[in-house]
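Notes follow once the structure below has been shown.
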Amino acid sequence: MGSVKPSVRHRGAGGPSSVPQSAGSNGVVNGAPVSNGHVNQLRNELSEFEREEFDAQAYVQSKCQSMSEKGIRKLCDDLLDLKKSSAEEMRKSVYANYAAFIRTSREISDLEGELVAMRNLLTSQATLVRSLAESGASKTATGTAEDDTKEKDLPQHDTEPSQLERRAQAIPDILDVLLAEKKVDQALQVLEEGDRLVAEGFQPTGYEGGMRSTVAVELQVALSERRARLAEQLAEAIQQPFFRGSELRSAIAALDKLGDGTRAHTLLLNSHHERLQHNIRGLRPSGTSYGGAYTAALSQLVFSGIAQASRDSVAVFGEEPAYASELVLWARSETELFASLVKRHVLSSSAAAGGLRAAAECVQIALGHCQLLEDQGLALCPVLSKLVRPSVEQALEANLTRIEESVAALAAADDWVLTHPGAMLRGSYGMRSSYGTGHGGYVKLSSSAHRFNFMVQDFLEDVAPLISMQLGGPTLDGLSMLFDQYIDMLIKAVPSPGEDEEGGAENGDDRKVRAAATESQQLALLANASALADELLPRAASKLVPGGMQTVMSRDDLRSATRRVGRDRDQERNQFGTIANRLPELKDWRRRLQRGVDRLRDHLCRQHVLELIYFSDEPESQLSPETYLNLDNDGGDPEVWLQDPMPSPIFQALFHQLTSIQQTAADLLTGRERVVVVLLMRFTETLVIWLSEDQDFWDAIEDGENRLGPIGLQQFVLDMQFVIQVAINGRFSSRHMRQVVNDVTARAVTAFAATGGDPHSVLQEDEWFLGAAQEAVRRLLEGWNQQGGSPTASISAQSVSSFRSHGSE
């Protein structure tokens, strides 16, 4: 660990880090204002990192010597978090300013070209000035010596040109011939030779056989003219459609050698663009019956063309940042063109028709070809995903609407009978074969729930390959809304008390939902909702989040182990829920689904309670204040009541209904006992809460003309204790229910005391009411068994043993 000079930008909140936290320019540290003195103190502490002699290793050792192992680990974690946050901030900064960076790079490149041209111009001007000065000096020397030369009558001869001058005079003619013959390589060699001669001509030789500056100037002008002609000739050739491959790269390299690299790179990209356009025009989307074939062919053309352009650019220009930036912008524009073609010819029609599978497959093909460019440093998948995302979302919405309409139509004809999928997997819908085993084929549902499950599975199979497009959130939101709408249909299937059960209920689009008239049909409604929310939908949706497939595999292993050791399915389902809840994305979504199940369960309980209280066939079985007030006002004898205490008729009816639900559920919901337990628990809670909130009932008890007497008070206490014992016996007692029962019992005692009576002298001991309630449950169970409508023998045996075990409570 050598001496380094880090750049300290910010410090994240964390544990007891030894590195001081920096304050922002606004004088705030961790959201709290600080004083100028504190800011200056932080600056002084941070100045240590800015010293040239700062030694990171020595600094860390000095800080860690006084720290425990736990503190060092905490410091390492803080530094790793800081490193991740810094990298993320750098990435965001690069992405946010990438366009400005590319624009600035191109401006710098253009400025460098202009500077080179200006330097060449200044060199030419300096050469011209120097040649004019030498020419003037020569004329002056000639005029001075004119008198002397007149005296000499000797013949005068012009100076013979040197060998270099003769070569310089021949180079323009040689270049003209080579340009006419289009011999580019040889012309470049001659131009290089001419440049060397010009450089030698501008240097004073001091020996005979050199080249005069005037000849060098003339050669430089000739070379500039021929160089421009060669550049235009190369540019014209590059733009020809047949110019490709090695010929194209050679021409681009030649143009770059001529000093026009920016133009050469632009011509290279334009050449590839024209070739792509020519090849794309050869595709006929209307002639292909399958959108995937057109997408595959177009993807092959476009992304292979981008790859070839990238290879040509690197081969000729290397990793020059300015050229690399231009290549990225060009590749992005070609990707946008590709996306527009795919949306026009494939995705628009698929999205409008709800063809999510076709749209997803086309997008997957395109992303597969696009991903191959990442090896060359071109990450275009985010760009392509953003461009095609609206079309995919449109197809997703159309599919959700289609599922809703199909399930609503099936709910109108559903008989609410739980069955295995069976022949539905081989029906006309075209279900995939994997549904029979891996997607809830062992769960019994009604026909509409099976179809809902199958269509959602099919829908998620199509969406799963597009996880990289960040469609998991919108898909889960759409599924939760779809599930809520299905719950609304199930709620409409529950007949209200006194309703014509054959008529059913109408949903939002004037389509009737068949009523669930019987107890088994209503339990089927709850079985549908709970199976979908607790198991089937979370299992399918786990494919949409990172790590979801591992969750599915864990549950498959769990099921195998469960069957080997013979556990019940409730335990398996609960453990799968624990695994799925570890995924934050699924945890909140499962809560939303569970709220829909709770809504259906509460509606069922309310309807049953209303029917029990107000719509009983026998008036005496209805809950009313007269049930307790008339016991004393009609001349009842407390001693006679104590000889054979039994719950009120309405609570006996409650017992029969709860027992009937238990019996039906034992046959109908085998392996899903928790669903039944929660239903019964909520049923008893709803009844006692309704009783506690029935203001008319309590007005008659507390302020009515007939006051509550000793027998009525004891009957009420016995009824409440009976409810508790029924719940304890059925293993669905809850703390909330017991608390409400205690509250209403205390309220009844207070109402009796308000009449002037002493409740302590009237009421029996708590053990007496407990024993009376247990005896009542036993007698009702025996009567139920004798009538042939009893639960199974195992339930009866369990009930008797339960009474004995709770006798001391």
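When the side-chain contact (heavy atoms from CB on, under 4.5 Å) test is applied to Asp477, the partners found at least two apart in sequence or on another chain are Arg592. Partners of Pro474 according to the side-chain contact (heavy atoms from CB on, under 4.5 Å) rule, which considers only residues two or more places apart in sequence or in another chain, are Arg389. With sequence neighbours excluded, no residue satisfies side-chain hydrogen bond (donor to acceptor under 3.5 Å, both in side chains) with Thr686. Qualifying side-chain hydrogen bond (donor to acceptor under 3.5 Å, both in side chains) partners for Thr475, counting only residues two or more places apart in sequence or in other chains: none. In terms of the side-chain hydrogen bond (donor to acceptor under 3.5 Å, both in side chains) criterion, residue partners of Ser448 (sequence neighbours excluded) are, by chain and number, Asp414, Tyr486. Scanning for ring pair (Phe, Tyr, Trp, His ring centres under 6.0 Å) contacts around His608 gives Phe683, with sequence neighbours left out. Under the side-chain contact (heavy atoms from CB on, under 4.5 Å) criterion, Ser692 pairs with Ile689, Val740, Val744, not counting sequence neighbours. When the side-chain hydrogen bond (donor to acceptor under 3.5 Å, both in side chains) test is applied to Asn706, no partner is found at least two apart in sequence or on another chain. For Ser733, the side-chain contact (heavy atoms from CB on, under 4.5 Å) partners two or more places apart in sequence, or in a different chain, are Ala727, Ile728, Met737, Arg738.
Distance alone, capped at 3.5 Å, places no donor-acceptor pair between the Gln725 side chain and the Gln774 backbone.
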Would you be so kind as to tabulate the donor-acceptor pairs closer than 3.5 Å made by side chains of residues 646-653, with sequence neighbours excluded?
unit_1 : atom_1 : unit_2 : atom_2 : d
Ser648 : OG     : Gln715 : NE2    : 3.4
Ser648 : OG     : Asp719 : OD1    : 3.4
Ser648 : OG     : Asp719 : OD2    : 2.5
Gln652 : NE2    : Pro647 : O      : 2.8

* Asp743 and Gln739: CA distance, side-chain angles, deciding distance, side-chain hydrogen bond (donor to acceptor under 3.5 Å, both in side chains) verdict -> CA-CA 6 Å; Asp743 292 341; Gln739 181 62 45; 3.1 Å; yes

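For residues 678-704, the salt bridge (charged side-chain N to carboxylate O under 4.0 Å, His left out) pairs, not counting sequence neighbours, are Asp602-Arg682, Arg682-Glu685, Glu702-Arg747. Residue pairs meeting the ring pair (Phe, Tyr, Trp, His ring centres under 6.0 Å) criterion with at least one member in residues 716-739, sequence neighbours excluded: Tyr628-Phe716, Trp698-Phe716.
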